[in-house]
Number of protein chains: 2
Amino acid sequence: MIDTKQRILDAAERLFAEHGYEGASLRAIIADAKVNLAAVHYHFHTKEALLLAVVDRRLAPINEERLKLLEDCERNAAGRPPVVEDVLKAFIAPAFRLAQRGSHEPFMHLMGRLYGESGEVAHLVFKTQFRKVAQRFLEALARALPQLPHDELGWRVHFVIGAMAHTFRGTAVTEAVTEGFWHPSEAHPMLERLIKFLAAGLRAEG
Amino acid sequence: MIDTKQRILDAAERLFAEHGYEGASLRAIIADAKVNLAAVHYHFHTKEALLLAVVDRRLAPINEERLKLLEDCERNAAGRPPVVEDVLKAFIAPAFRLAQRGSHEPFMHLMGRLYGESGEVAHLVFKTQFRKVAQRFLEALARALPQLPHDELGWRVHFVIGAMAHTFRGTAVTEAVTEGFWHPSEAHPMLERLIKFLAAGLRAEG
DNA sequence: GTCTATAACGGGATAGAC
DNA sequence: GTCTATCCCGTTATAGAC
């Protein structure tokens with residue numbers, strides 16, 4: 001078999017995304033990966049560690065690219081405050097790009113879900129993975145919106161995270177709710193639509 | 001004991017909100033409710049039906065109030081398009097109000113989570129509970145934003161749902177990510193902040 | 001490194017006494 | 001309507017052969 005470990009990661013990614021951390025059993029994962037149950041424990045020791053490995057594999061390069069893009073956009077600004085849309089795009093685009101080439105959307109769905117599974121294993125993910133990136137992007141947003149009070153910025157970032165995570169999650173829920181009224185169009189302009197929406201929200205009023 | 005059925009509903013609400021549908025076991029629920037396991041099956045037959053009952057109990061009156069407020073705000077508009085902020089407030093305020101009086105926040109957290117648990121039992125909830133309300137509010141938003149293409153409105157509603165659900169879910173994730181940079185201030189202006197943010201996003205550009 | 005077999009436990013559901 | 005006792009299955013995890 002061509003790399004057991006990776007096949008486990010792929011299956012886990014897909015099933016965690018589809019059924020959540022609690023909802024996806026190791027047995028379902030090994031069946032999907034066509035692998036023996038013991039192999040999971042050999043390579044990852046525990047279910048929780050498997051989730052962290054799944055997240056790590058994709059998120060580490062995404063976060064690197066995010067930081068690189070943010071540096072680019074700050075270099076372009078040359079000392080002046082960066083543009084809100086550019087900062088948002090630096091954060092969101094890497095995740096979307098990865099999702100489109102290579103069909104890694106399961107991972108995006110998973111990340112979207114983890115925002116909702118607060119309180120358990122999910123917190124580990126955010127604490128270990130996002131601390132550094134979040135710090136840098138918050139500073140950039142604060143510079144991009146100098147007139148916005150600190151406290152208000154925090155709330156708006158909270159709303160931004162919500163809209164972003166929900167978009168990562170896919171449109172299934174919205175389609176169920178807006179049934180007959182709306183069906184999602186092509187995916188590409190989605191990124192631009194999202195950024196436009198969020199930037200307007202961040203700049204609201206004065 | 002003063003009403004077994006209600007104590008089960010209360011415990012289920014809290015634990016489903018805290019650990020998700022899969023993560024909260026019936027045994028944990030009956031322990032919290034100080035009730036026997038068989039009582040759950042007697043009153044609700046199945047775990048899934050219990051979740052639906054939990055949601056129904058609170059969501060039915062909330063959705064009634066939403067429709068009433070929407071009618072009010074359309075009557076005030078007297079034939080002219082309603083104001084975006086008013087439509088948003090008619091939808092969001094009833095959930096917030098219930099959460100603040102009586103301390104029913106567990107239910108809001110639960111609803112927020114269900115948006116993320118797409119694909120399973122959660123879809124049942126949305127299909128059975130939101131169809132009518134969603135239809136009415138979508139029409140109202142379309143009238144409030146006549147210049148916005150139908151397709152674009154759908155996407156923006158999608159973003160609105162995301163920000164709203166995440167706010168219902170509480171700020172734990174955002175606090176973990178923005179640690180040291182932000183701590184949520186008092187809850188009351190939150191509703192106004194959210195509506196201002198969403199309205200600006202809905203009206204973005206032209 | 002990969003398998004089989006099994007341990008040890010917790011899950012939802014049910015029968016039947018009271 | 002409420003309880004005890006139990007069924008039966010799926011769960012994670014591990015021991016030990018190959």
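Computed from heavy atoms alone, side chains included, the values below leave out hydrogens, waters and symmetry copies. Within every chain, numbering begins at 1; the chains are lettered A, B, ... in the order of the sequence lines, protein sequences first and strands thereafter.
In this structure, the nucleotide among C:dC3, D:dA13, C:dG12 sitting nearest to the side chain of A:His41 is D:dA13. Across D:dT4, C:dT4, C:dG11, the shortest atom-to-atom separation from the side chain of B:Arg27 is found for C:dG11. Comparing C:dT14, C:dG12, C:dC3 by their nearest atom to the side chain of B:Ser25 picks out C:dG12. Distances from the side chain of A:Leu37 to the nucleotides C:dT4, C:dT2, D:dA13 place D:dA13 closest. In this structure, the nucleotide among D:dA13, C:dT2, D:dA15 sitting nearest to the side chain of A:Ala38 is D:dA15. Nearest nucleotide to the A:Thr46 side chain, out of D:dA13, C:dT14, C:dT2: D:dA13. Comparing D:dT2, C:dA13, C:dT4 by their closest approach to the side chain of B:Thr4 singles out D:dT2.
Once rounded to the nearest 0.5 Å, the distance linking CG of A:Leu88 with CZ of A:Phe137 reads 9.0 Å.
B:His43 has a side-chain polar atom (N or O) that falls below the 4.0 Å cut-off from OP1 or OP2 of D:dT2. The side chain of B:Tyr42 contributes no N or O atom lying less than 4.0 Å from OP1 or OP2 of D:dT2.
As a whole-Å value, the separation of B:Asn36 CG from D:dT6 P is 14 Å. Rounded to a whole Å, the CD atom of A:Glu22 is 12 Å from the P atom of D:dT11. When rounded to the nearest whole Å, the span between CD1 of B:Ile30 and C1' of D:dC3 equals 12 Å. Note: NE2 (B:His45) to P (D:dG1) measures 12 Å, nearest angstrom. For the pair B:Tyr21 OH and C:dG12 P, the interatomic distance rounds to 8 Å; values are reported in whole Å. Here the P atom of nucleotide C:dG11 and the NZ atom of B:Lys47 are 9 Å apart, to the nearest Å. Regarding B:Lys34, its NZ atom lies at a distance of 18 Å from the C1' atom of D:dT2, rounded to whole Å. In this structure, A:Leu15 atom CG and D:dT11 atom C1' are separated by 15 Å, rounded to whole Å.
The pair B:Arg58-B:Glu13 meets the salt-bridge criterion, with a side-chain N (NZ, NE, NH1 or NH2) lying under 4.0 Å from an Asp/Glu carboxylate O.
Between B:His166 and A:Tyr115, the two ring planes are perpendicular [angle over 60°; tilted spans 30° to 60°].
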Item to check | Worked check of side chain to side chain contact (heavy atoms under 4.5 Å, CB included) between A:Met164 and A:Phe91 | outcome: CA-CA 10 Å; A:Met164 199 187 58; A:Phe91 190 86; 3.6 Å; yes
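A cation-pi geometry, defined here as NZ or CZ lying under 6.0 Å from the six-membered ring centre and within 45° of its normal, holds between B:Lys47 and B:Tyr21.
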